[in-house]
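In what follows, every chain begins at residue 1, and chains take the letters A, B, ... in the order their sequences are listed.
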Protein chains: 2
Amino acid sequence: MSEKTQKSTRARWKRATSYDVAELAGVSQSAVSRVFQDGASASKQMRKRVMAAAGKLGYRPNAIARGLITQRSNMVAVIMSQQTNLYYPEVLVQLTQHFSNHRIRVLLFTLKSEGDIDSTLEQVLQFRVDGIVTAAMLSRAQLATVQDANIPIVFYNRSLPDIPSNSVRCDQEEGERWLVAELFDSGHRTFAIVSGPEDSSVSTERTTGALQKLREKGVDGVTIVTGDYGYDSGRSAFAGIVDRRGGPPDAVIAANDVMAIGCIDEARESYGLDVPGDVSIVGFDGTGPARYAAYDLSTVRQPVKRMTEAAVSMLIDRIGNPELSAEKRVFSGERIRGSSAEFAADLD
Amino acid sequence: MSEKTQKSTRARWKRATSYDVAELAGVSQSAVSRVFQDGASASKQMRKRVMAAAGKLGYRPNAIARGLITQRSNMVAVIMSQQTNLYYPEVLVQLTQHFSNHRIRVLLFTLKSEGDIDSTLEQVLQFRVDGIVTAAMLSRAQLATVQDANIPIVFYNRSLPDIPSNSVRCDQEEGERWLVAELFDSGHRTFAIVSGPEDSSVSTERTTGALQKLREKGVDGVTIVTGDYGYDSGRSAFAGIVDRRGGPPDAVIAANDVMAIGCIDEARESYGLDVPGDVSIVGFDGTGPARYAAYDLSTVRQPVKRMTEAAVSMLIDRIGNPELSAEKRVFSGERIRGSSAEFAADLD
DNA sequence: CGTGCAATTGCATTCGAATGCGATGCACCG
DNA sequence: CGGTGCATCGCATTCGAATGCAATTGCACG
């Protein structure tokens, strides 16, 4: 009872330290420290005494001070480019989840714009994180800065060609090639592409993959318009395509699901087209809305769970052993057949 | 050139400290410290010398060490309950964005289950965050723990009645009353509710609001089924409703947009019903998919931007001045009229 | 040219916990 | 009963930066 009052009054004074606990328990500070560690040696009774004192004072080890002396913050930075892409939040949650299984916390950094990276990186470095997962592209110089600081880093869904660096990604090009091949084989002959923002490397890869296969199939005259990964940009992109071509193409390849959905809505509402009867529209990512019955999107799903697991374990390995050589892991997406590929399904 | 090699070899040795910089620049460590602070006094030439040395060594102030001495970590914890609700990622991104404008970083904590809170809270406290924003409910005891530790905390979209605590939330009950009133006034007479998970206080409030208004209008025999905020649960919820009632009601009130969309798809696909012709379905949140033309959902949008801004400034105020008394801010949602309220639109 | 005041700078200490090393205790063995 | 080895514990130091206080410098003014 008197303890309770003591607690609340003390609160505004100062938080209990290991010295306070040591004093109350009549032991040394080192003893307290050891009791609160995993592999440290401490007798049973010592534990009991210390824990009792700690409980009475509401003591908790100070992770900041611990980090200073151990040179381990137990925090990793996750850098995300601020995008309308519905796909990333899921990635973030999964990463956090997996890291927490290893008693590591996530310090979150979002970029207002890509130009923001330098100052963001500066922050990241100041916080002495144990590692970095980035879903934003870094320049060579920026990567060098990180490596000079000796901080392990894993790229998520992007990779620097010809530079030794760790990355986990989904094979965007392959996925697009699948989609295009199936569309072509089921009779589609005229195509349009809705790409993502110029500075999105993911979008670039997807467009490249699609164009590759189209060229291989001998298709040309492909209309390309740019969107921002958002729903509205999908709608106006479709309008732009029809406008530019003087009519709808056989198929539209959108750089992500959300824009694909935008295209579908625009096609149906503003042009009275039947999707997938008159025009087929495919997306990418396999996010929630792709499954909604009204769209039943044909798309490629990124194996987010496995990818995030891979990123986490890769980073943790390198935190434990910085000498590990670089590694790139590439995952195939999972082909999800929606309505637009109904013909194609026969071919399996 | 030789500097470069020096850099990379030194990397594995040790990171530069303010002492290293001081030595190289021929000044005291305090001087270095002052140069890297905002309001500190340092002459122009001093800055120049120090910055030059710092640049040469790739020095960056150590935020961990700084936090230890200043008693400010410049980090806040954001606690999110791990839910299928599509709405939260947006909240998270916005919070991070706003905090970063104040040079504060977000340490992210997600809960596997609600029971997880105690251990999570322990972690939060150990990291000596400057404040907490929680989108998960805490028990009285848990809140007391946080307050004893003298850490300001703001509840997001939940509040403890009769307990002085800071919160920012959207008036869920009011929003539901609006929706129900409009449905009733436009002729709907039989109702069903799809609630969220039992332990979601947001869901509880929404259900309460809806039932309030329904009772007020003299409607009873309301079917209530439980979902998990996910699309599939929306679909099966609708099936459950039809099953239980032996037919569809005039209107379904879903606890969030995603489940509303699930209901719509199930109604159309599995029961061949016309939405909103045969049955009206409303949601809550105003997330992206609500706008998709295929659904054109009638819903209430939470003013996320203003709410997150409010939460951030509220928290920062209390970090600066812990004596500030508790405050609860309640925002009205924004009524979004979709197809299900077509009649109702006349009444305005 | 002397005096006074303000702006700089350095010294020494502090934040809170971890850890190498030496000291102590205890059990067990010959 | 003396000796050996291991488990425990405390002492003292360390991590890297901030800051109160004192010392120094610079500058303006009379």
Separation of C/dC11 atom C1' from B/Glu23 atom CD, nearest Å, is 17 Å
Between OH of B/Tyr59 and P of D/dG16 the distance, given in whole Å, is 10 Å
Nucleotide by nucleotide, nucleotides 8-15 of chain D touches protein heavy atoms under 4.0 Å in the pattern (B base, S sugar-phosphate only, - none) BSBBB-BB
Please tabulate, one pair per line, each protein N/O and nucleotide N/O from nucleotides 24-28 of chain D that are separated by under 3.5 Å, including the distance.
none

With five pairs defining each end axis, the helix from C/dC1-D/dG30 to C/dG30-D/dC1 comes out bent, to 10°, by 40°
Paired with A/Leu24, the side chain to side chain contact (heavy atoms under 4.5 Å, CB included) test is passed by just one of A/Val50, A/Val32, A/Leu57, namely A/Leu57
With A/Leu107 as partner, the option from B/Leu108, B/Val106, B/Leu107 fulfilling side chain to side chain contact (heavy atoms under 4.5 Å, CB included) is B/Leu107
* Asked: For B/Ser33 and D/dA17, is the shortest distance between a side-chain N/O and OP1 or OP2 below 4.0 Å?
  -> no
Could you pull out all residues at least two apart from [X] that satisfy side chain to side chain donor-acceptor pair (under 3.5 Å)?
{"X": "A/Lys305", "result": "A/Glu309"}
{"X": "A/Gln71", "result": "none"}
{"X": "A/Ser139", "result": "A/Gln142"}

Residue set satisfying side chain to side chain contact (heavy atoms under 4.5 Å, CB included) with A/Ser201, at least two apart, ordered chain then number -> A/Met137, A/Arg158
Residue set satisfying side chain to side chain contact (heavy atoms under 4.5 Å, CB included) with B/Ser313, at least two apart, ordered chain then number -> B/Arg329
Could you pull out all residues at least two apart from [X] that satisfy salt bridge (charged side-chain N to carboxylate O under 4.0 Å, His left out)?
{"X": "B/Arg60", "value": "A/Glu122"}
{"X": "B/Lys328", "value": "none"}
{"X": "B/Arg49", "value": "none"}

Ordered by number, residues from residues 121-130 of chain A within less than 4.0 Å of DNA chain D (heavy atoms) are none
* To do: Indicate whether the side chain of B/Arg318 and that of B/Asn166 have a donor and an acceptor atom separated by less than 3.5 Å.
  => yes
Using only atom types and a distance under 3.5 Å, with no angle test, would you say the side chain of B/Ser33 pairs donor to acceptor with the backbone of B/Gln29? no
- Query: Checking B/Ser100 side chain against B/Arg103 main chain: does a donor-acceptor pair fall under 3.5 Å?
  - Reply: no
